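Here is the structure we will look at.
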Amino acid sequence: MTELHELSALDQAAAVRAGEVAPAELVRHYLARIERLNERYGAFVTVTADQAIAQADAVTGDAAAGGPATPLAGVPTAIKDLTPTAGVRTTYGSRACADNVPERDAHVVELLRRGGMISLGKTNTPEFGLCCYTDNDLIGPARNPWDRARGAGGSSGGAAAAVALGLVPVAHGSDGGGSIRIPASSCGLFGLKTSRGRISAGPDGADVNGLAVQGPLARTVRDAAAMLDLMAVPMPGDPHWAPPLPAGETFLGHAGREPGRLRIGRYARPAAPGVDVDPACVEAWEHASRVLEGLGHEVEDIPTPFGPEVSDLFVTVWGVQSLGHAVAADAEESLRPVTRSWRAYGRRIDGAALAAAIGGMQRAARASIEATARYDAVLTPTLAALPQPVEFFDEKDTEPLDNLRRQSAFSAFTSVYNMTGQPVANLPLHRAGGGLPVGVSLVGRPAGEAALLALCAQVEAADPWIGHRPPEW
């Protein structure tokens, strides 16, 4: 007999609409799995069981009253612990914010609730989301469901672990330098970094440099597309707006369309100098190329469309961004060493250097988009290495700068597309030894989620991954 968590999110919602299962039954099923598995994997920082059951009852009441039903109404989800949720502890992964309870929701939280989705709590993230792995001093690391000795990636590592373990069917994530794609690759999920301006960061989120966006992590392309439909609502005052779909169209609808015969560029050498790409990551890229060619697409090798200067540009801007969270002077010492290193670095950057770095990023983004304009998509490895042991980045007796260098090498392919603002999807097409997931990335045209989702759904149908499940599924 199929268990509820084995169904896709869309199939769960269909069962709710058909009266075959109640939202509260789904919630209790997932809460039981969280109770059994969360302590071993560190997916959730905070579980909101009572609120979730109350919200499930409200969704049931709305349906009984004839209210409008969205494709994911009644389905559980979770919110990354960087995103404010009214009345729910939001820690930003930091002891300095361990007791923070926001007074109002982020727009995306309200939009998901309005769409009938039910949050089960807040997922694990590194302190202030600054790292490409997930570990903090509140609950420790988010562990990889395929191998507990390895990390789940970051900074949306808790969200990815939750979906991969079947603790929720889909989850909210955010991505400022790879933070959706890195854990999606590490945990064997479909993850979508959306276009700049596709999802509002308001009302309280700042968008100083245009790097950070939000998006879904899911087991299927269609589930991710349905969640994107709920989140992608422009809000007044947003600094960037990606063009909305034409009236009557949805991202879920595009995930069911044939993409046509496409021209796809590919490269597997990152812009950062001196980075050796793991052979398993290259093999995943080659495998994806064969799948795309088998579908009739034209796949061509292209030069890496970024120069080596982009690494320093990103580090400069990221260092200043690390100061975006206000921390009381007497709490600064409670931060993790890597966080203090980022913030100390950011304080040394003056206004002229920051302006030059942002300008440099924009020029690099324009040059890359122009260089790849004739391609409908670009294929790269998602990561330069396999998921690492949980202690790899924070090994004892090493300098914090060693941590930063290790992160840069691990995630060498991802941050450049936060600079361009293009949508990028991780596809979990490959497995290394022991079944460890190895992802590849498809980069879409600017604001091109609809066409990208159509292509990703076609690839998923040709080479399905949903049957690959971790040991404790």
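Values reported hereafter were calculated over all heavy atoms of this structure, with side chains retained and with hydrogens, waters and symmetry mates removed. Please read all numbers here as calculations on a predicted model, not as lab measurements.
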[X] side, atom [atom1]; [Y] side, atom [atom2] - distance, nearest 0.5 Å:
X: Asp463; Y: Arg290; atom1: CG; atom2: CZ; value: 10.0 Å
X: Leu379; Y: Trp285; atom1: CG; atom2: CH2; value: 7.5 Å
X: Ser322; Y: Leu130; atom1: OG; atom2: CG; value: 5.5 Å
X: Ser174; Y: Leu211; atom1: OG; atom2: CG; value: 12.0 Å
X: Gln55; Y: Leu120; atom1: CD; atom2: CG; value: 9.0 Å
X: Phe251; Y: Leu230; atom1: CZ; atom2: CG; value: 11.5 Å

Is it true that the NZ or CZ of Arg143 lies under 6.0 Å from the centre of Tyr41's six-membered ring and within 45 degrees of the ring axis?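 Arg143 over Tyr41 ring: no.
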If you draw the axis of the six-membered ring of Trp146, does the NZ or CZ of Arg431 fall within 45° of it and under 6.0 Å from the ring centre?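 Yes.
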Heavy-atom side-chain contact between [X] and [Y] under 4.5 Å:
X: Val378; Y: Thr380; answer: yes
X: Asn209; Y: Trp318; answer: no
X: His172; Y: Val108; answer: yes
X: Pro71; Y: Leu252; answer: yes
X: Pro102; Y: Thr85; answer: no
X: Ile118; Y: Val75; answer: no
X: Leu427; Y: Val459; answer: yes
X: Leu386; Y: Leu436; answer: yes

Could you walk me through whether Val170 and Met117 pass the side-chain contact (heavy atoms from CB on, under 4.5 Å) test, one step at a time? CA-CA 10 Å; Val170 289; Met117 299 199 77; 3.5 Å; yes
Return yes if some donor-acceptor pair links the side-chain N/O of [X] with the main-chain N/O of [Y] below 3.5 Å, else return no.
X: Arg261; Y: Gly296; result: yes
X: Thr134; Y: Gly157; result: yes
X: Thr414; Y: Gly177; result: yes
X: Arg219; Y: Ala164; result: no
X: Thr420; Y: Tyr417; result: yes
X: Arg196; Y: Met419; result: yes
X: Arg150; Y: Pro145; result: no
X: Arg222; Y: Ala9; result: no
X: Thr220; Y: Asp223; result: yes

With [X], which residues qualify under side chain to side chain donor-acceptor pair (under 3.5 Å), at least two apart?
X: Asp81; value: Thr91, Lys122
X: Glu249; value: His254
X: Thr123; value: none
X: Asp137; value: Arg336

Under 6.0 Å from the CD atom of Glu293, do we count more than 12 heavy atoms belonging to anything else shown?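 It does: Glu293 CD has more than 12 such atoms within range.
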I'd like to know whether Val233 forms a side-chain contact (heavy atoms from CB on, under 4.5 Å) with Met235, so could you lay out the CA-CA distance, the side-chain angles of the two residues, the decisive distance to 0.1 Å, and finally the verdict. CA-CA 6 Å; Val233 179; Met235 292 292 178; 4.2 Å; yes
Using a distance-only test with no angle check, is there a side-chain donor-acceptor pair under 3.5 angstrom linking [X] and [Y]?
X: Tyr30; Y: Glu25; value: no
X: His107; Y: Gln214; value: no
X: His297; Y: Asp376; value: no
X: Ser179; Y: Ser155; value: yes
X: Asp57; Y: Thr60; value: no
X: Asn426; Y: Thr382; value: yes

If I compare all heavy atoms of [X] with all of [Y], which pair ends up nearest, and what's the gap?
X: Ala161; Y: Ala152; result: CB-CB, 4.4 Å
X: Ser119; Y: Ala52; result: O-CB, 3.6 Å
X: Leu217; Y: Gly173; result: CD1-CA, 4.0 Å
X: Thr83; Y: Val109; result: CG2-CG2, 3.9 Å
X: Arg17; Y: Thr70; result: NH1-O, 3.8 Å
X: Pro216; Y: Ala224; result: CG-O, 3.5 Å

Show your working on side-chain contact (heavy atoms from CB on, under 4.5 Å) between Phe392 and Tyr133 and close with a plain yes or no. CA-CA 10 Å; Phe392 174 76; Tyr133 61 101; over 6 Å; no
I'd like to know whether the aromatic ring centres of [X] and [Y] sit less than 6.0 Å apart in this structure.
X: Phe410; Y: Phe393; result: yes
X: Phe314; Y: Phe306; result: no
X: His5; Y: Trp473; result: yes

So, [X] and [Y], do they make that salt bridge, N to O below 4.0 Å?
X: Glu110; Y: Arg113; answer: yes
X: Glu127; Y: Arg95; answer: no
X: Glu449; Y: Lys193; answer: no
X: Glu472; Y: Arg40; answer: yes

For Arg36, check salt bridge (charged side-chain N to carboxylate O under 4.0 Å, His left out) against everything at least two apart and list the hits.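 Per chain and number, Arg36 pairs via salt bridge (charged side-chain N to carboxylate O under 4.0 Å, His left out) with no residue.
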Could you walk me through whether Ile79 and Leu112 pass the side-chain contact (heavy atoms from CB on, under 4.5 Å) test, one step at a time? CA-CA 10 Å; Ile79 306 300; Leu112 290 171; 3.8 Å; yes
Apply salt bridge (Lys or Arg N to Asp or Glu O under 4.0 Å) to Glu286 and Arg266, showing your working. CA-CA 10 Å; Glu286 295 283 14; Arg266 70 169 200 161; 2.8 Å; yes
What salt bridge (Lys or Arg N to Asp or Glu O under 4.0 Å) pairs are there with at least one residue in residues 162-180, not counting sequence neighbours?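 As it turns out, the salt bridge (Lys or Arg N to Asp or Glu O under 4.0 Å) pairs with a partner in residues 162-180, which skip direct neighbours, are Asp175-Arg181.
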